[in-house]
Amino acid sequence: MTRALITGVTGQDGSYLAELLLAQGYEVHGVTRDADEVVTAGVVPHELDLATGSAIAELIADIEPNEIYNLAALSSVYQSWQNPGLTARLNGAVVAEMLAAVKVIHDRGAVDIRFVQASSAEIFGAPTESPQNEQTVIRPTSPYGAAKAYAHGLVGAYRTAGVAASSVILYNHESPRRPETFVTRKITAAAARISVGKQETLELGNMDAQRDWGWAPDYAHALLKTARHSEPDDFVIATGISHSVRDFVAAAFTRAGVEDWSERVRVSDGLLRSGDAALQLGDASKAHRILDWSPTVKFDEIVAAMVDHDLALLS
Ligand code: GDP
């Protein structure tokens, strides 16, 4: 039986990936911060606070998984400005500890662990070219992006040293499992509440920012395909189509049945971010060519699924 270890197993991506691996007959181990977190049924939970200590190395040595998916992170760019030290630890130093533990097992000639790092479009900061690909200059503009860039570099270094490590540069990917700290879910939850009279207005930051939004379960498939591919490598995972936050707002309110949304949405300067990329757009042609990966859900379908979910929660 193939054994996988997922950090961040209770998050959006971790839960979709766990379901996918369990359905394929894997033995799935998951790292959780505390016992209160809801873990996908069938996953073997391991309670461990990655913010302190280095118990993750011992866990890897104990389990000797065939595949490791490192999805744990401080996941919000906004919050990384409030907690840069914790961001450096969770999104950076922990990856070093994990790769070092994998290398020990590799050097012993035991299991050849496939390590997949969830990297991010934020490593490109305000990108120097559009669309971005695996060769685009890495120049982060947030503590989140800087820590992810360090981890991305580490994966390359350990790959050169013989470890089967890959870094998957994920563009934004959404689903009803997104928390409201992300703009998409914040918008769909608000549009649903406003449509039934439970909320008056929605405050947002930069509505002109453009993001390449994909469907989270598609991205879980990309992680799995990366682990399975014979050659460890780096891959951009994106849809190749971007929309503005304003486009997302319009689509969500329309879906919720609120046509005159302009009176309902306000821009708050307090929600603007330093270093916020004006436009992110990914070129996933390498993943398409080598992994046979393609996105399957379009922008309007993503918005509809999220709004419908939030409407259902209210009824
Ligand atoms: P991120 O790209 O991983 O940071 O994902 P987010 O969903 O948090 O942000 C996506 C874009 O939406 C960024 O350009 C934000 O600046 C922009 N944005 C505009 N208003 C808001 C808001 O109220 N909350 C969040 N989270 N993002 C916002």
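One-based numbering along the sequence shown. We count ligands from 1, going down the list as the structure has it; atoms in each ligand are counted the same way.
The salt bridge (Lys or Arg N to Asp or Glu O under 4.0 Å) search around Asp107 returns Lys103, not counting sequence neighbours.
Ring pair Tyr219/Trp293: centre-to-centre distance below 6.0 Å. Taking the centre of each ring, Phe299 and Phe248 come in below the 6.0 Å mark.
The shortest distance between side-chain heavy atoms of Ile63 and Arg3 falls below 4.5 Å.
Looking at Arg211 against ligand 1, only its side chain comes within 4.0 Å, counting heavy atoms.
Among all protein heavy atoms, the one lying closest to atom 9 (O) of ligand 1 is Arg273 NH2, 3.5 Å. For atom 16 (O) of ligand 1, the nearest protein heavy atom (residue, atom name, distance) is Asp276 OD2, 2.7 Å. The closest protein non-hydrogen atom to atom 26 (N) of ligand 1 is Thr181 O, 2.9 Å. The nearest heavy-atom contact from the protein to atom 20 (N) of ligand 1 is Gly205 N, 2.7 Å.
Remark: ligand 1 atoms within the under-4.0 Å shell around heavy atoms of Ala209 are 14 (O). Within ligand 1, the atoms closer than 4.0 Å to a non-hydrogen atom of Val245 are 12 (O), 17 (C), numbered from 1 in the order shown. Counting atoms of ligand 1 from 1 in the listed order, those under 4.0 Å from a heavy atom of Lys186 are 22 (C), 23 (O).
By the 3.5 Å distance cut-off applied to N or O atoms, Thr184 is not counted among the residues near ligand 1. Considering backbone and side-chain atoms together, Gln280 places no N or O closer than 3.5 Å to any N or O of ligand 1.
Ranked by closest heavy atom to atom 25 (C) of ligand 1, the top entry among Val249, Val183, Leu204, Leu202 is Val183. Compare Leu279, Leu170, Asn172 by their heavy atoms: the one nearest to atom 3 (O) of ligand 1 is in Asn172.
Asp212 places no side-chain N or O within 3.5 Å of a backbone atom of Leu281 that could act as its donor or acceptor partner. Although no hydrogens or angles enter the test, the distance criterion places a donor-acceptor pair under 3.5 Å between the side chain of Arg139 and the main chain of Ala126. Without hydrogens or angle criteria, Lys286 side chain to Asp234 main chain gives a donor-acceptor distance under 3.5 Å.
For the 3.5 Å distance criterion, the side chains of Glu174 and Thr184 qualify, holding a donor opposite an acceptor.
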